[in-house]
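Inspection log for the structure reproduced underneath, given as structure tokens.
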Number of protein chains: 2
Amino acid sequence: MPLDEFDRKIVQSLQIDARMPVAQVAERTALSATPVSRRIKRLEDDGVIVGYQPILDARKLGFELDAYVLINLDAHSDDNISRFEQAIQDNPYVIACHAVTGDMDYLVHVIARDVEHLSQITLKSLLRIPGVRDVKSIIVLETIKETRAMPLD
Amino acid sequence: MPLDEFDRKIVQSLQIDARMPVAQVAERTALSATPVSRRIKRLEDDGVIVGYQPILDARKLGFELDAYVLINLDAHSDDNISRFEQAIQDNPYVIACHAVTGDMDYLVHVIARDVEHLSQITLKSLLRIPGVRDVKSIIVLETIKETRAMPLD
DNA sequence: TATGAAATAATATAGTT
DNA sequence: AACTATATTATTTCATA
């Protein structure tokens, strides 16, 4: 069940371009197209590859801003937690949310059209989720690196 | 140059599955395959779609841990900054890095195989970059949400 | 300038060894 | 796993709005 050298080469190729033709992946992998096709299918079936997504230019889609919001809940009842997490799932401007260590409970990654929009998301959506005590915003000034590519060796 | 209703439908479809066949995207878009194929090409050429990537299961690839590391530089000379940013680019375990507001300079998202590996990345790689004053780690306990899909309406 | 339909080209998958 | 054959999918051409 662990990935062998071929699988790693295949995944690496797809990390360069998830729509790379199988023949080209095959070339990079020193394998013919057939086993590559079958291996990709297997990686999908095994849940190693969960899906494929386009990398979009956020700015070109009108999202000029980007922030991390640290959130504290005032009580950690199951109710509060599940209500909070549901609200996070439902908010399309939240692109990531983690429960974290430290003095804040959650770290939430938000995209916004502009400062006003960010303020609206923070104050009108996040802060108003029942159980939320306080929020601290860390605004992204510049993105130095952003990838989802994982090292495979 | 802004996206019209068709473009948005196309991008939305690709956000569901970046390898969805053009014919299927066409169906969802109420358009035939020809213009969909051309529009995808145009979105790529215009840099709206920057690339395609597989969504991988980090755990299945041996990355059990995930942390955000806040970093401060002790001097903000151009030299320090570019050296730091280069080190970040070169570190394969850093999947994201942002210059941010607040009392820390950078927020760095790191993946690691285990606690020891995380400690190694933090203490041996990040903290040793010249100019780095201190680091604060926020360890991810649970990922509630993680998407790169952007809302397009 | 952009579409749809048909034809062609490219690509992926299945069968066989 | 590779080779070959078949099936699926993408793209080009062309007529048209």
Side-chain angles (χ1 to χ4, degrees), chain A residues 1-63 113 147-153, chain B residues 1-62 147-153:
Chain A
M1 226 273 207
L3 307 206
D4 65 13
E5 203 48 51
F6 291 130
D7 290 327
R8 275 195 289 273
K9 284 257 176 69
I10 289 168
V11 174
Q12 277 170 342
S13 299
L14 294 176
Q15 285 194 141
I16 294 167
D17 174 11
R19 294 188 7 147
M20 183 182 288
V22 173
Q24 203 176 321
V25 177
E27 208 177 325
R28 295 176 145 269
T29 313
L31 222 53
S32 72
T34 309
V36 169
S37 178
R38 292 199 179 122
R39 277 165 181 267
I40 291 174
K41 180 83 168 50
R42 208 198 63 219
L43 290 163
E44 290 167 355
D45 291 344
D46 291 352
V48 174
I49 298 174
V50 180
Y52 301 94
Q53 83 190 156
I55 307 163
L56 303 173
D57 185 323
R59 292 246 167 101
K60 294 212 164 110
L61 293 170
F63 296 100
R113 304 207 171 274
T147 176
R148 199 165 283 184
M150 293 170 197
L152 295 179
D153 22 31
Chain B
M1 225 273 208
L3 306 206
D4 65 12
E5 202 48 51
F6 291 130
D7 290 328
R8 275 194 289 274
K9 285 255 177 71
I10 289 168
V11 174
Q12 277 170 342
S13 298
L14 293 176
Q15 284 193 141
I16 295 167
D17 174 12
R19 292 181 21 139
M20 184 182 288
V22 173
Q24 203 177 320
V25 177
E27 206 179 325
R28 295 176 145 270
T29 313
L31 222 52
S32 73
T34 308
V36 169
S37 180
R38 292 209 180 107
R39 279 166 178 266
I40 291 174
K41 180 83 168 47
R42 208 197 61 219
L43 290 163
E44 290 167 354
D45 291 344
D46 291 352
V48 174
I49 298 174
V50 180
Y52 301 93
Q53 77 189 164
I55 307 163
L56 303 174
D57 184 324
R59 293 246 166 102
K60 294 211 164 111
L61 293 169
T147 175
R148 198 165 284 184
M150 293 170 197
L152 295 178
D153 23 30

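Within every chain, numbering begins at 1; the chains are lettered A, B, ... in the order of the sequence lines, protein sequences first and strands thereafter.
- Remark: P of C:dG4 and CG of B:Leu31 are 5 Å apart, rounded to the nearest angstrom.
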**Asked** Can you check side-chain contact (heavy atoms from CB on, under 4.5 Å) on A:Leu56 and B:Val50, steps first, answer last?
**Response** CA-CA 6 Å; A:Leu56 303 173; B:Val50 180; over 6 Å; no
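- Ranked by how close their nearest DNA chain D nucleotide is to the 5' end, A:Ala30 and B:Arg38 are led by A:Ala30.
- The nearest whole Å value for the distance from the CG atom in A:Leu14 to the P atom in C:dA12 is 11 Å.
- Using a 4.0 Å cut-off between charged nitrogen and carboxylate oxygen, B:Glu5 and B:Arg8 count as a salt-bridge pair.
- Between A:Ser37 and C:dT13 there is a side-chain polar atom (N or O) within less than 4.0 angstrom of OP1 or OP2.
- Sorted by first then second residue, the side-chain hydrogen bond (donor to acceptor under 3.5 Å, both in side chains) pairs that include residues 15-28 of chain A, not counting sequence neighbours, number zero.
- A donor-acceptor contact under 3.5 Å links the side chain of A:Thr34 to the base of C:dA14.
- Toward the 5′ end of DNA chain C lies the nearest nucleotide of B:Phe6, the other residue of the pair B:Arg19 and B:Phe6 mapping further downstream.
- In this entry the distance linking CD of B:Gln24 with P of D:dT8 reads 14 Å, nearest Å.
- Going from atom CD1 of A:Ile40 over to atom C1' of D:dA1 covers 15 Å, rounded to whole Å.
- Contacts of A:Arg39 with the nucleic acid, taken as non-hydrogen atoms under 4.0 Å apart, involve only primed sugar atoms and P, OP1 or OP2.
- Between the NZ atom of A:Lys41 and the P atom of C:dT11 there is a distance of 22 Å, given to the nearest Å.
- Look at CZ on A:Arg42: it is 15 Å from P on C:dT13, rounded to the nearest Å.
- For A:Leu43 and C:dA12, the CG to C1' distance is 16 Å, given to the nearest whole Å.
- Contact annotation: the side chain of A:Leu3 approaches that of A:Leu43 to within less than 4.5 Å [non-hydrogen atoms, C-beta and beyond].
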